[in-house]
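Below is one structure, written out as structure tokens; the observations come after it.
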Amino acid sequence: MGTRTDGVLALIALAAFLGLAFLTDASLSINFLLVGGTATIVFELLAARDPALVRDYWERRPVQIASLAVAIGGAAVGARVAPVPVLSLCCGATLTYLVFLALLRTGIIPPLETWWESDA
């Protein structure tokens with residue numbers, strides 16, 4: 001998984017989420033930001049169980065574009081129904097993912113492939 005491509009897609013999504021927050025005049029909730037961030041960490045831990053499978057799907061350009069469209073579209077619908085929780089969750093998840101990518105890229109945390117390896 002290319003961290004550069006993932007980062008660009010995450011930045012596009014974050015810009016859309018923040019734009020929706022601005023348009024709806026939603027002030028973000030720290031509690032929902034934290035829940036979104038926690039969900040990202042849980043997802044990454046689960047994805048690390050079989051990174052090759054995740055990579056096989058995620059590296060397909062149509063999957064990346066569809067995922068971005070669904071995320072932004074879902075946030076847009078959610079912004080009309082419940083802007084504060086929905087946009088806070090989205091922003092929290094995306095910000096956490098961007099930090100996660102930065103930590104991976106700088107080598108502060110090891111690649112996903114090594115997370116579940118046994119030293120025994």
Side-chain angles (χ1 to χ4, degrees):
M1 290 171 256
T3 55
R4 184 171 294 147
T5 299
D6 290 356
V8 168
L9 291 171
L11 285 171
I12 292 168
L14 183 60
F17 302 151
L18 291 174
L20 287 166
F22 177 78
L23 288 173
T24 59
D25 196 30
S27 54
L28 300 179
S29 159
I30 188 70
N31 291 331
F32 285 111
L33 286 165
L34 292 172
V35 170
T38 301
T40 294
I41 292 166
V42 169
F43 174 81
E44 290 301 328
L45 286 169
L46 292 173
R49 297 288 292 166
D50 193 353
L53 177 65
V54 172
R55 183 179 302 113
D56 285 345
Y57 284 101
W58 180 247
E59 287 186 350
R60 299 175 189 170
R61 187 68 63 194
V63 171
Q64 294 172 347
I65 293 168
S67 296
L68 181 62
V70 167
I72 293 171
V77 170
R80 297 213 18 110
V81 178
V84 172
V86 170
L87 296 174
S88 296
L89 288 168
C90 291
C91 287
T94 308
L95 286 168
T96 301
Y97 187 62
L98 286 167
V99 169
F100 170 76
L101 288 177
L103 293 173
L104 272 177
R105 192 146 172 102
T106 58
I108 294 172
I109 59 174
L112 297 180
E113 293 83 2
T114 64
W115 287 19
W116 295 101
E117 289 179 354
S118 172
D119 289 337

- prompt: Does any non-hydrogen side-chain atom of Val86 lie less than 4.5 Å from one of Val81?
  reply: no
task: Flag yes if Phe32 and Leu34 sit in one hydrophobic cluster, no otherwise; membership is Ile, Leu, Val, Met, Phe, Trp, Tyr, and two members link when side-chain heavy atoms are under 4.5 Å apart.
output: no
field: ILVMFWY cluster, Leu87 and Ile30 together (side-chain gap under 4.5 Å)
entry: yes
message: I need the minimum non-hydrogen distance between Phe17 and Ala71, along with the two atoms involved.
response: CE2-O, 3.7 Å
Identified side chain to side chain contact (heavy atoms under 4.5 Å, CB included) partner of Pro83 from the options Leu20, Leu23, Thr24: Thr24
same_hphob_cluster(Val8, Leu18) at 4.5 Å side-chain heavy-atom cutoff: no
- prompt: Within the side chain of Thr40, is there an N or O that forms a donor-acceptor pair under 3.5 Å with the backbone of Ala93?
  reply: yes
message: Do Val35 and Val99 sit in one hydrophobic cluster, given that two such residues count as connected whenever their side-chain heavy atoms are within less than 4.5 Å of each other, even indirectly?
response: no
Thr94 (side chain) donor-acceptor with Cys91 (main chain) under 3.5 angstrom: no
field: Test side-chain contact (heavy atoms from CB on, under 4.5 Å) applied to Ile109 and Phe100, step by step
entry: CA-CA 8 Å; Ile109 59 174; Phe100 170 76; 3.6 Å; yes
task: Locate the shortest heavy-atom distance separating Ser29 from Ser88; write the atom from each residue and the value.
output: N-OG, 2.8 Å
- prompt: If you look at every heavy atom in Arg4 and Arg105, which pair is closest and at what distance?
  reply: NH2-NH2, 2.7 Å
- prompt: So if you build clusters from Ile, Leu, Val, Met, Phe, Trp, Tyr with side-chain heavy-atom gaps below 4.5 Å, do Ile72 and Val70 land together?
  reply: no
- request: For side-chain contact (heavy atoms from CB on, under 4.5 Å), just list the numbers for Leu11 and Leu98, CA-CA rounded to whole Å, side-chain angles, deciding distance to a tenth of an Å, and then say yes or no.
  value: CA-CA 8 Å; Leu11 285 171; Leu98 286 167; 3.8 Å; yes
field: Minimum heavy-atom distance between Asp6 and Tyr97, given as atom pair plus value
entry: OD2-OH, 3.0 Å
message: Test your reading of the model: is there a side-chain donor-acceptor pair from Arg49 to the backbone of Leu45, 3.5 Å cut-off?
response: no
- request: To the nearest 0.5 angstrom, please state how far the CG atom of Leu9 sits from the CG atom of Leu14.
  value: 12.5 Å
statement: Closest heavy-atom pair, Ala13 versus Leu68, reported as atoms and distance to 0.1 Å, is CB-CD1, 3.8 Å
field: Straight-line distance of Leu33 CG to Leu95 CG, nearest 0.5 Å
entry: 7.0 Å
- request: Measure from the side-chain N and O atoms of Ser67 to the backbone N and O of Val63, and report whether any donor-acceptor pair falls under 3.5 Å.
  value: yes
task: For Leu28 and Val84, run side-chain contact (heavy atoms from CB on, under 4.5 Å): C-alpha distance rounded to whole Å, both residues' side-chain angles, the deciding distance at 0.1 Å, then the answer.
output: CA-CA 6 Å; Leu28 300 179; Val84 172; over 6 Å; no
- request: Begin with the C-alpha distance, continue with both residues' side-chain angles, and end with the deciding distance and a verdict on side-chain contact (heavy atoms from CB on, under 4.5 Å) for Arg61 and Thr5.
  value: CA-CA 10 Å; Arg61 187 68 63 194; Thr5 299; 3.8 Å; yes
